[in-house]
Amino acid sequence: MFERYLNFIHGVSICPTGRLGLILATSSFICLVVLELARLLGIITSSYAGLVTYMLFPALFVVGLILILIGWYRTKKITGKSTRELINERFDNDAVKGDLLGSKLVRTIMLLTLVNVVFLTGISMRMFSFMDEPVFCGTACHSVMNPEWVTYQKSPHSRVACVQCHVGEGAGALIDSKLNGLWQMVSVTFDLLERPIPTPVHQLRPARQTCEKCHWPDRFLGSRLKTILHYDRDSASTLKYTTLNMKVDAGAFGKKAGIHWHVAEENQVRYASINDEREKIVWTEVLRPDGGFHKYTSKDLSQSEEHALTVRTMDCVDCHNRATHIYENPDRAIDERIRHGLIDRSLPFLKREALHAITSGYADNQAGLEGIANHINGFYQRNYPKLAQSKQFQIDSTIIVLQEIYSRNIHTSMNIEWGTYSSYIGHVGEKGCFRCHNSSLVDDKGNTISSDCALCHSILADGHENPFQFLKAIDTSEIDYMMHQYQQSEFLESFGNTQREE
């Protein structure tokens with residue numbers, strides 16, 4: 001059997017081109033099988049090995065088969081002989097005797113062709129499956145996608161496959177995604193990608209096909225209590241609370257409700273932004289009970305911007321624009337680590353110095369890691385030398401945590417710094433809620449969209465040492481007692497309305 005195969009190999013390799021093709025096809029097949037067995041046994045887990053296994057070796061295998069055919073074609077051209085004559089020269093009589101279709105040679109070729117088809121089909125299916133895995137998306141183009149891969153692994157959606165949001169359903173969406181992936185590979189190879197990668201990503205599937213498979217707007221009911229811990233920049237890194245009673249209702253048609261009123265299907269909201277960047281809102285309109293739209297237009301619209309408008313129906317990602325690839329705010333990132341006990345707040349001026357360490361401008365990531373260590377060590381050695389000795393372990397632990405924060409959020413090779421990718425949740429700065437809830441957008445009567453805080457949440461504490469400051473008995477001697485009174489009455493009224501509706 002083995003001798004027959006060797007004779008077949010010798011006969012097929014008709015010229016140097018054919019021999020090269022045979023070597024490529026055979027060696028790539030063997031290597032692919034070995035690597036796949038190693039993957040199944042858990043010996044190899046790297047995504048780079050997957051790239052070689054499912055992309056490089058299959059390509060070399062196909063190229064090898066093509067070279068064999070080219071070798072035969074060139075030999076026919078050079079010698080002027082027919083295929084049958086060349087077969088008779090290259091193979092013995094036992095292989096070619098009998099009718100053409102019934103010869104051993106033809107049966108061997110048909111068998112090997114069937115094996116090749118099955119092999120290539122199986123590898124193609126495995127390749128598509130591998131390319132749909134998050135580890136492939138995140139590590140195949142390491143220099144470009146590493147920031148997204150790092151943030152994805154720390155996100156609430158780290159167990160949701162990338163393709164569930166980035167690739168639509170059906171054959172057409174699959175083909176589009178693979179063509180887009182091919183262009184991305186070319187862009188990475190020739191360094192054609194923008195740095196940082198521009199947002200928003202316009203190829204994302206609609207939120208109603210992705211987010212709402214798990215998050216159902218019609219079931220956004222009632223309110224949720226949210227307590228935000230913040231640490232001051234004083235010597236004790238004093239703890240302060242902001243407590244909000246979030247009104248998460250989607251609401252009913254034509255009625256004011258909570259945050260998710262914007263995405264309830266019956267409360268359609270449309271808006272236009274410059275170049276579909278979703279930051280500078282030119283106009284927005286809300287569906288009325290009579291089927292018409294109530295429109296608010298920006299007073300700041302310039303004539304030169306009118307042609308660049310893109311109209312969009314508001315959905316989840318207009319606010320939750322960083323639902324997965326979450327880049328942190330440096331102040332809140334440190335607060336979160338202190339809250340979880342990862343950083344020792346007993347160190348003097350811990351919050352202030354930690355914030356200074358991670359936000360100082362550094363030339364690159366390596367310089368950043370070194371700069372953080374030098375800053376923290378230097379501060380305590382200069383100002384608290386005895387403490388620096390007695391609490392060296394806590395200081396070292398703090399440095400490691402701060403370096404982790406920096407590595408997660410700063411990627412100088414992709415020009416990603418603090419604030420490069422902003423979150424639209426809330427109303428920090430002029431983004432988020434204030435894109436629409438501002439004084440620039442007016443209707444035909446000059447009315448603006450309300451920016452009342454109570455539309456979305458009741459405030460129970462706002463940077464106070466008591467997490468429920470505004471629920472305490474009102475003391476008229478306090479400077480802010482009127483604010484205290486308003487916040488308390490607003491919460492009690494909204495809470496009472498909720499109870500009556502339920």
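All values derive from a computational prediction rather than experimental measurement.
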>> As a quick check of understanding, evaluate side-chain contact (heavy atoms from CB on, under 4.5 Å) for R322 and I425, giving each step before the final call.
In response: CA-CA 9 Å; R322 309 304 306 181; I425 292 293; over 6 Å; no
> So does D232 pair up with K240, basic N to acidic O under 4.0 Å?
Replying inline: yes
> Is any side-chain heavy atom of N447 closer than 4.5 Å to a side-chain heavy atom of V442?
Replying inline: no
> F61 vs F29 aromatic rings, parallel, tilted or perpendicular, using cut-offs 30° and 60°?
Replying inline: tilted
> Is there a side-chain contact between I197 and V144 (heavy atoms, below 4.5 Å)?
Replying inline: yes
>> Is there a side-chain contact between L239 and E465 in this structure, where contact means two heavy atoms from C-beta onward sitting under 4.5 Å apart?
In response: no
> Do Y486 and I459 touch side chain to side chain, with heavy atoms closer than 4.5 Å?
Replying inline: no
> With no hydrogens and no angle check, do the side chains of D452 and S450 hold a donor and an acceptor under 3.5 Å apart?
Replying inline: no
> Just by modelled atom types, is the P467 backbone N or O under 3.5 Å from a matching donor or acceptor in the T243 side chain?
Replying inline: yes
> Can I358 and W418 be said to form a side-chain contact (heavy atoms from CB on, under 4.5 Å), step by step?
Replying inline: CA-CA 10 Å; I358 65 174; W418 294 112; 3.8 Å; yes
>> Once rounded to the nearest 0.5 Å, what's the spacing between atom CD1 of I343 and atom CD of E336?
In response: 11.0 Å
> Just wondering, more than 12 heavy atoms not from R233 lying within 6.0 Å of its CZ?
Replying inline: no
> In Å and rounded to the nearest 0.5 Å, what is the OG to CG distance from S28 to L35?
Replying inline: 11.0 Å
> Which pair of non-hydrogen atoms, one from P330 and one from T359, has the smallest distance, and what is that distance?
Replying inline: CB-CG2, 3.8 Å
> Under the 3.5 angstrom rule, does the side chain of R195 hit a backbone N or O of S413 as a donor-acceptor pair?
Replying inline: yes
>> On a heavy-atom basis, which atom in G222 and which in D249 lie closest, and how many Å separate them?
In response: N-OD1, 2.8 Å
> Under 3.5 Å, side chain of Q487 to main-chain N/O of F470, donor-acceptor pair present?
Replying inline: no
> Honestly, is R270 close enough over F293, meaning NZ or CZ under 6.0 Å from the six-membered ring centre and within 45° of the axis?
Replying inline: yes
> Heavy-atom distance under 4.5 Å between the side chains of Q209 and P206, does that happen here?
Replying inline: yes
> So I259 and M246, side-chain contact (heavy atoms from CB on, under 4.5 Å) or not? Walk me through it.
Replying inline: CA-CA 8 Å; I259 301 166; M246 309 298 296; 3.6 Å; yes
> S458 and E490: side-chain donor and acceptor closer than 3.5 Å?
Replying inline: yes
> Between K247 (side chain) and A454 (backbone), is there a donor-acceptor pair under 3.5 Å?
Replying inline: yes
> If you take all heavy atoms of Q403 and L369, which pair is closest and at what distance?
Replying inline: NE2-O, 2.9 Å
>> To the closest 0.5 Å, what do you measure between CD1 (I405) and CG (N409)?
In response: 7.5 Å
> Do you know the tightest heavy-atom contact between A161 and P134?
Replying inline: CA-CG, 3.9 Å
> With sequence neighbours left out, what residues match H294 under side-chain hydrogen bond (donor to acceptor under 3.5 Å, both in side chains)?
Replying inline: D443
> Where is the tightest heavy-atom contact between S273 and R278, given as atom of each residue plus distance?
Replying inline: OG-N, 3.2 Å
>> Test side-chain contact (heavy atoms from CB on, under 4.5 Å) on L229 and D335; report intermediate values, then the result.
In response: CA-CA 7 Å; L229 278 64; D335 288 344; 5.9 Å; no
>> Assess, by modelled atom type and distance only, whether the side chains of H411 and N365 contain a donor and an acceptor separated by less than 3.5 Å.
In response: no
> Between the side chain of T199 and the main-chain N/O of V201, is any donor-acceptor distance below 3.5 Å?
Replying inline: no
>> Using 0.5 Å steps for rounding, measure from the CD atom of E212 to the CG atom of D315.
In response: 7.5 Å
>> Test of understanding: with side-chain hydrogen bond (donor to acceptor under 3.5 Å, both in side chains), list the residues that count as partners of N466, not counting sequence neighbours.
In response: none
>> Just verifying a value: how many Å separate I376 CD1 and L350 CG, rounded to the nearest 0.5 Å?
In response: 7.5 Å
>> For the backbone of C211 and the side chain of H215, can you confirm whether one donor and one acceptor N or O come within less than 3.5 Å of each other?
In response: no
> Is I326 close to R408 at the side-chain level, that is, under 4.5 Å between some pair of heavy atoms?
Replying inline: yes
> Atom SG of C214 and atom CD of Q164: how far apart are they, to the nearest 0.5 Å?
Replying inline: 8.0 Å
> E279 and Y424: side-chain donor and acceptor closer than 3.5 Å?
Replying inline: yes
> Which atom names give the shortest non-hydrogen contact between P196 and I416, and what distance separates them?
Replying inline: CB-CG1, 4.0 Å
> Within the distance-only criterion (no hydrogens, no angle test), does the side chain of H464 pair as donor or acceptor with the backbone N or O of T242 below 3.5 angstrom?
Replying inline: no
> Does NE2 belonging to H230 count more than 12 external heavy atoms closer than 6.0 Å?
Replying inline: yes
> How are the rings of Y327 and Y421 set to each other: parallel, tilted or perpendicular (split at 30° and 60°)?
Replying inline: tilted
> What do you reckon, is CG of L114 surrounded by more than 12 foreign heavy atoms closer than 6.0 Å?
Replying inline: yes
> With a 4.5 Å heavy-atom cut-off, do Q469 and L460 have their side chains touching?
Replying inline: no
>> Parallel, tilted or perpendicular, judged at 30° and 60°: which one describes the rings of Y152 and H325?
In response: tilted
> Are the side chain of D480 and the backbone N or O of M483 linked by a donor-acceptor pair below 3.5 Å?
Replying inline: no
> Does a side-chain N-to-carboxylate-O contact under 4.0 Å join R312 and D318?
Replying inline: yes
> S451 and H437: side-chain donor and acceptor closer than 3.5 Å?
Replying inline: no
> Any sub-3.5 Å donor-acceptor pair from S237's side-chain atoms to K351's backbone N or O?
Replying inline: yes
>> I'd like to know if the side chain of R345 reaches the main chain of I338, judged simply by a donor and an acceptor atom lying under 3.5 Å from each other, with no hydrogens or angles considered.
In response: no
> Can a salt bridge be assigned to the pair R337 and E328 using a cut-off of 4.0 Å between side-chain N and carboxylate O?
Replying inline: yes
> Under 4.5 Å between any side-chain heavy atoms of Y362 and Y406, yes or no?
Replying inline: yes
>> If you take the centroid of each ring, where Trp contributes its six-membered ring, are Y241 and F468 closer together than 6.0 Å?
In response: no
